[in-house]
Amino acid sequence: MIAEPPPLSGSVVHDEVVAARAPWIHPVRKGQTLRIVDLEGNQAVDFLLYNAHDDAERYSAQDTIAAQANIFLCEGSVLRSNEGAPMMTITSTAVAYHDTIGGACSCESNTLRYGHHTKSQHACVENFLVANATQGRGKRDMVSNINWFMNVPVEADGTLGIVDGISAPGLYVDLRAEMDVTVVVSNCPQINNPCNGFDPTPVRMIVAG
Ligand SMILES: [Zn+2]
């Protein structure tokens, strides 16, 4: 059974379905909430954040993990910048934990992991580059990302797994902006591992407040 998401406070200022495999870029102002809905379940949403007024300040997985002393992102987690400042807070989520250590898929990593025949398959790094290029950012602005709804357990020997998701149709995560941010998303096109159930699907983005 799917828990109903809590009502969003304020009015909805943006509501959009992002197609399977597509990039997305959008501003979220301080105090607004971004809700990401995993419409069909088991869809990894690769995610970067930049300070809307100075994009040299951006999401930092390292600062976030160090500050909360936990490698998983859960309800209450504060997403921190490379300057240690709170950028967004997970105010509510129907999924127990989300990943920020698995990274984004790329043509290069696909080739290494799954064989040369995957070289021309679309990947998250390309989506990030396409979306960021609209604001003048390039490869040097790519940093370690968040993977919403992606299940990356750490095994007893310290290795990472990419396994079947713990998300399901209609599950969501709510993120309250603690500063004006630019959100950059790749709705992950990966088809060579179970992160998208081998079938990339659309997600819904709602901004309210
Ligand atoms: Zn991906």
Side-chain angles (χ1 to χ4, degrees), residues 16-26 34-50 58-62 64-65 71-73 79 88 90 93 95 97-135 137-155 159-169 171-173 175 182-205:
E16 180 178 358
V17 172
V18 179
R21 306 178 184 81
W24 187 74
I25 183 167
H26 200 80
L34 168 66
R35 171 170 291 168
I36 307 173
V37 184
D38 187 0
L39 291 172
E40 298 185 28
N42 273 9
Q43 175 59 44
V45 178
D46 290 50
F47 180 100
L48 292 172
L49 276 177
Y50 298 86
R58 64 274 305 265
Y59 174 70
S60 167
Q62 297 90 334
T64 298
I65 290 169
I71 57 173
F72 294 112
L73 302 179
L79 312 181
M88 297 187 104
I90 302 177
T93 179
V95 178
Y97 60 91
H98 304 261
D99 168 73
T100 192
I101 56 177
C105 64
S106 68
C107 296
E108 292 81 2
S109 66
N110 279 345
T111 302
L112 188 68
R113 289 172 175 161
Y114 309 115
H116 192 67
H117 66 284
T118 64
K119 178 85 170 82
S120 59
Q121 290 177 359
H122 193 48
C124 283
V125 166
E126 281 62 42
N127 271 340
F128 281 151
L129 289 170
V130 165
N132 265 337
T134 64
Q135 296 184 355
R137 288 182 293 274
K139 284 188 173 178
R140 69 198 299 271
D141 301 301
M142 300 275 297
V143 293
S144 296
N145 59 292
I146 294 168
N147 295 301
W148 301 116
F149 310 115
M150 187 164 147
N151 189 14
V152 183
V154 179
E155 311 294 349
T159 57
L160 302 185
I162 295 179
V163 299
D164 274 339
I166 54 174
S167 188
L171 297 193
Y172 69 94
V173 58
L175 304 160
T182 301
V183 173
V184 180
V185 156
S186 167
N187 196 12
C188 181
Q190 182 60 261
I191 53 171
N192 299 291
N193 70 47
C195 72
N196 301 318
F198 301 99
D199 180 22
T201 50
V203 295
R204 183 177 174 192
M205 301 293 191

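Since the structure is predicted, the reported quantities are computational estimates derived from the model, not experimental observations. Any value given below was found using the heavy atoms of this structure, including those in side chains, with hydrogens, waters and symmetry copies removed. Both counts, for ligands and for their atoms, begin at 1 and track the order of listing.
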Between His98 and Phe72, does the ring centre distance come in under 6.0 Å?
-> no
Pair Asn132-Tyr50, side chain to side chain donor-acceptor pair (under 3.5 Å): steps then yes or no | CA-CA 10 Å; Asn132 265 337; Tyr50 298 86; 3.1 Å; yes
Flag, side chain of Asn145 to backbone of Ala104, donor-acceptor distance under 3.5 Å = yes
For Asn110 and Cys105, work out which heavy atoms get closest and say how close.
-> OD1-CB, 4.3 Å
Under 2.8 Å from the Zn ion (ligand 1) - protein N/O/S, by chain and number | Cys105 SG, Cys124 SG, Cys188 SG
Side chain proximity check, Ile146 to Leu49, heavy atoms < 4.5 angstrom = no
Side-chain donor-acceptor pair under 3.5 Å between Asn127 and Ser186, yes or no?
-> yes
